[in-house]
Amino acid sequence: MTVDSGSLARAADLLATCSYAIALTGAGVSHESGVPTFRGKSGLWTKIGEPRADGFERFLSDPEGWWKERLFGERDPDIQNLMDKLHAAKPNAGHYAMAELEAMGVLRHVITQNGDDLHRQAGTTSLTEVHGNIYWLRCPACGGRWHEDSLVVDPEALPPWCPEPGCGSPVKTDSVGFGEPVPGAHLQRCELETARADVFMLAGTSAVVYPVAHYPQLAAQRGVPLIEIDPEPTALSDWATVILRGPSGEVLPQLVEAVRERRAA
């Protein structure tokens with residue numbers, strides 16, 4: 001699709017002349033990679049209802065049982081289908097475009113609500129995965145995080161234990177479940193990056209999940225322009241300085257090219 005040329009030029013001008021652009025991405029960015037969205041008319045939680053909110057409490061009270069249920073318990077077919085699609089997904093043009101903006105020195109940080117690892121796989125390095133990553137493990141006690149390849153989970157010796165000196169607490173998967181607080185370190189990084197931003201880009205997010213949706217509002221309140229990229233209006237459309245209507249996988253590559261041309265002029 002072709003994006004409105006005037007809006008594209010305005011967004012490119014903002015990005016090409018800013019000092020510290022950051023982005024917030026949501027499920028819409030990964031939808032083009034075959035990952036289902038969670039809310040809205042066709043969202044997974046709309047279809048089957050939100051998962052139980054006591055998962056984190058169950059982990060804290062019985063980490064061994066929590067791990068056994070996760071590894072050996074019967075999984076809802078819809079959830080299994082989601083996990084299969086997450087593991088099969090590959091980065092799309094939108095993910096690569098964001099990584100390219102970072103390589104160009106334009107985009108300084110990405111805050112993502114997605115736990116699918118696709119921003120990492122596409123090459124983004126300055127990244128806060130607010131809701132965790134399906135390929136990582138985390139210690140809720142000390143905040144340590146490890147890729148699953150570097151901290152092996154032995155089904156015969158559950159739960160896995162934190163290897164950090166002086167900790168030794170049970171480790172869980174990195175994904176932040178319902179009822180589980182977002183790690184404080186993630187929120188602190190988001191606040192720091194938001195305070196630094198002089199352009200804030202939104203891509204593929206409905207902007208209804210807090211506390212993440214609050215960060216672009218904080219930026220806008222101090223005069224930072226917001227660039228919204230989404231096929232449909234969102235909760236923050238009225239806050240946006242520039243709106244680029246369309247899927248991020250189609251819009252972002254055009255935006256990258258427009259920024260490149262603007263900087264070369």
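Computed from heavy atoms alone, side chains included, the values below leave out hydrogens, waters and symmetry copies.
For the atom pair NE2 of His109 and CZ of Phe200, the computed distance is 9.5 Å after rounding to the nearest 0.5 Å.
Of all heavy-atom pairs between Pro253 and Ala97, the closest is N-CB, 3.8 Å. When all heavy atoms are compared, the tightest approach of Ile111 to Cys190 is CG2-SG, 3.6 Å. Between Arg58 and Ser61 the shortest heavy-atom distance is O-OG, 3.2 Å. Minimum heavy-atom separation, Glu164 to Cys142: CG-SG, 4.0 Å. Closest of all the heavy-atom pairs between Arg138 and Ser175 is NH2-O, 3.9 Å. Considering all non-hydrogen atoms of both residues, Ala122 and Ala99 come closest at O-CB, 3.4 Å.
Arg108 contributes a side-chain N or O that, together with a main-chain N or O of Ser19, makes up a donor-acceptor pair within less than 3.5 Å. A donor-acceptor pair under 3.5 Å is formed between the side chain of Thr234 and the backbone N or O of Leu236. Remark: the backbone N or O of Ala27 is not paired with any side-chain donor or acceptor of Ser30 at under 3.5 angstrom. In this structure, the side chain of Trp136 does not engage the main chain of Ile134 through any donor-acceptor pair within 3.5 Å. In this structure, the side chain of Thr205 engages the main chain of Ala207 through a donor-acceptor pair within 3.5 Å. Judged by distance alone, the side chain of Arg189 and the main-chain N or O of Leu127 form no donor-acceptor pair under 3.5 Å. Checking side-chain atoms of Ser33 against main-chain N and O of Lys90 turns up a donor-acceptor pair under 3.5 Å. Listed for the His131 side chain is no donor-acceptor partner under 3.5 Å among the backbone atoms of Gly115. Asn92 contributes a side-chain N or O that, together with a main-chain N or O of Gly94, makes up a donor-acceptor pair within less than 3.5 Å.
Between Val29 and His95 the shortest side-chain heavy-atom distance falls below 4.5 Å. Using a 4.5 Å heavy-atom cutoff, the side chains of Pro225 and Val242 are not in contact. Between Ile22 and Tyr215 there is no side-chain heavy-atom pair separated by less than 4.5 Å. Between Thr112 and Met98, the closest side-chain pair of non-hydrogen atoms is not below 4.5 Å. Under the 4.5 Å side-chain criterion, counting only non-hydrogen atoms from C-beta, Leu255 is in contact with Leu8. Side-chain contact between Trp239 and Gln221 is present, with at least one heavy-atom pair separated by less than 4.5 Å. Under the 4.5 Å side-chain criterion, counting only non-hydrogen atoms from C-beta, Leu71 is in contact with Leu158. At a threshold of 4.5 Å between non-hydrogen side-chain atoms, the residues Lys172 and Phe56 count as touching.
With salt bridges taken as basic N to acidic carboxylate O contacts below 4.0 Å, one links Arg145 and Glu129.
By the 30° and 60° cut-offs, the orientation of the rings of His147 relative to Tyr135 is parallel. Between Tyr210 and His214, the ring-plane angle classifies as tilted under the 30° and 60° cut-offs.
The salt bridge (Lys or Arg N to Asp or Glu O under 4.0 Å) contacts involving residues 227-240 comprise Glu228-Arg245, where partners must be two or more places apart or lie in separate chains.
Listed by chain and residue number, nothing satisfies the side-chain hydrogen bond (donor to acceptor under 3.5 Å, both in side chains) test with Arg263 (two or more places apart in sequence, or in another chain). Scored by the salt bridge (Lys or Arg N to Asp or Glu O under 4.0 Å) test, Lys85 finds no partners at all (sequence neighbours excluded).
For the residue pair His186 and Thr128, no side-chain donor N or O sits within less than 3.5 Å of a side-chain acceptor on the partner. No side-chain donor from either of Asn133 and Asp174 sits under 3.5 Å from a side-chain acceptor of the other. Ser126 and Glu102 form no side-chain donor-acceptor contact under 3.5 Å, judged by distance and modelled atom types alone.
Using a 4.5 Å cut-off between side-chain heavy atoms of Ile, Leu, Val, Met, Phe, Trp and Tyr, with links allowed through other members, Leu107 and Leu24 fall into different hydrophobic clusters.
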